[in-house]
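Below: the structure, in structure tokens.
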Amino acid sequence: MTNNQTLSEITRDVKSYLQYIEHLGCEGLALSEGSVETLEQLGKGSEAETLEMIQRDLGDCRRCKLHKQRKHIVFGAGDPRARLVLVGEGPGYEEDLQGMPFVGKAGQLLTKILKAINLARKDVYFCNVIKCRPPGNRNPEPDEIVACIPFLRRQIRAIGPKLICAMGTFAAQTLLQTDTPISQLRGDFHVYENIPLLATYHPAYLLRNPDKKRDVWEDVQKLQAVYEK
Ligand code: URA
């Protein structure tokens, strides 16, 4: 690894981290437009990052407390050049066991939803806001999201998808840096780093609330229309 690559990786991480803690309400760091621009310029000086490079950097991550109980880190899976990236919340029991995203009950439902819009698992890329299972499947905590989010941002940048689908509150609110409820965000295209992002309900929520399936069906049809354009 060259010194240049190291610098650009650090730059990317610092920038994502500062933006995220700013979003969380941190007022101790005033990040001027100029500073952001400088960081951006520094980040541009290097070769494009690959998913392998990001995974290597993640390593045997111990950046937050979730490492203590996890069985596997769930980095992400699918086509590294996918035109559609699906972002969930975090690994559940099965995902933790297998080290693969969306392989449990919610994942099976998601696979069916994708099939209904002519997409196979191999066509897309699956990833999550956090990469380690929270004990008892509790919600991710802010410090865990802060530690993990730079990796998701880098993954999305490395893939360069045409479209993102953010599933559930944590994916949608974290990527869009908003507190707006998912019930209001869903069904619309938003923008994440110049990429159209459609927010919808999480498949696990659908398992508990089957009456919301119609909403998700409408949402994914919008996704399909843009994907196939
Ligand atoms: N739920 C998620 O948000 N992600 C997974 O990978 C599995 C279930």
Side-chain angles (χ1 to χ4, degrees), residues 20 51 54-55 58 61 64-67 69-80 82 84-116 119-156 158-159 161 163-176 178 181-183 185-186 190 192 197-210 212-213 215-216 219-220 223:
Y20 194 71
L51 290 174
I54 300 165
Q55 192 160 14
L58 182 67
C61 184
C64 85
K65 56 191 178 297
L66 292 180
H67 77 272
Q69 281 166 289
R70 72 164 180 239
K71 294 209 166 39
H72 290 102
I73 295 178
V74 180
F75 178 72
D79 181 353
L84 171 61
V85 168
L86 294 128
V87 183
E89 179 177 315
Y93 178 81
E94 275 301 326
E95 289 78 18
D96 180 49
L97 271 187
Q98 299 185 35
M100 292 291 289
F102 288 103
V103 289
K105 283 216 170 79
Q108 286 160 19
L109 175 57
L110 179 58
T111 305
K112 279 191 199 156
I113 294 170
L114 289 172
K115 201 168 169 202
L119 287 170
R121 286 183 69 99
K122 66 171 178 41
D123 298 328
V124 302
Y125 192 87
F126 300 96
C127 46
N128 285 300
V129 171
I130 56 165
K131 302 197 180 330
C132 296
R133 181 187 181 222
N137 292 346
R138 65 157 167 75
N139 287 340
E141 292 176 355
D143 61 311
E144 297 157 359
I145 296 177
V146 165
C148 220
I149 197 69
F151 292 93
L152 174 62
R153 291 184 185 285
R154 287 163 61 185
Q155 282 173 290
I156 294 173
I159 297 166
L163 268 176
I164 298 171
C165 180
M167 301 176 295
T169 299
F170 283 91
Q173 291 187 343
T174 304
L175 290 176
L176 298 174
T178 178
I182 185 68
S183 55
L185 294 171
R186 67 146 282 271
H190 308 267
Y192 170 82
L197 177 153
L198 182 96
T200 193
Y201 291 123
H202 193 285
Y205 177 76
L206 281 191
L207 290 172
R208 299 189 302 271
N209 300 274
K212 299 290 183 200
K213 280 188 183 169
D215 288 342
V216 173
D219 298 347
V220 296
L223 199 65

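Ligands are counted one by one from 1 in listed order, and the atoms in each one are counted from 1 as well. This is a predicted model, so every value here is computed, not measured.
Residue contact check: G88 has heavy atoms under 4.0 Å from atoms 3 (O) of ligand 1. Listed by number with element, the atoms of ligand 1 under 4.0 angstrom from any heavy atom of H202 are 1 (N), 2 (C), 3 (O). Residue E89 has at least one heavy-atom neighbour below 4.0 Å for each of these atoms of ligand 1: 2 (C), 3 (O).
Below 3.5 Å of separation, one finds no N or O of P101 facing any N or O of ligand 1.
With a heavy-atom cut-off of 4.0 Å, E95 touches ligand 1 through its side chain alone. Contacts between M167 and ligand 1, counted as non-hydrogen atom pairs separated by less than 4.0 Å, are absent for every part of the residue.
For NZ of K65, the number of neighbouring non-hydrogen atoms (other residues, nucleotides, ligands) closer than 6.0 Å is greater than 12.
With rounding to the nearest 0.5 Å, the separation of NE2 in H67 from CD1 in I73 is 10.0 Å. Atom CZ of F126 is separated from atom CG of D79 by 11.0 Å, given to the nearest 0.5 angstrom. Distance check, rounded to the nearest 0.5 Å: CG of L198 to NE2 of H190 gives 7.0 Å. The OG1 atom of T200 sits 7.0 Å away from the CD1 atom of I182 when rounded to the nearest 0.5 Å.
For atom 2 (C) of ligand 1, the nearest protein heavy atom (residue, atom name, distance) is G90 O, 3.0 Å. Nearest to atom 4 (N) of ligand 1 among the protein's heavy atoms is N128 OD1, 2.7 Å.
Residue C64 comes nearest to A147 through the heavy atom pair CB-CB, 4.0 Å, listed as atom of the first residue, atom of the second, then distance.
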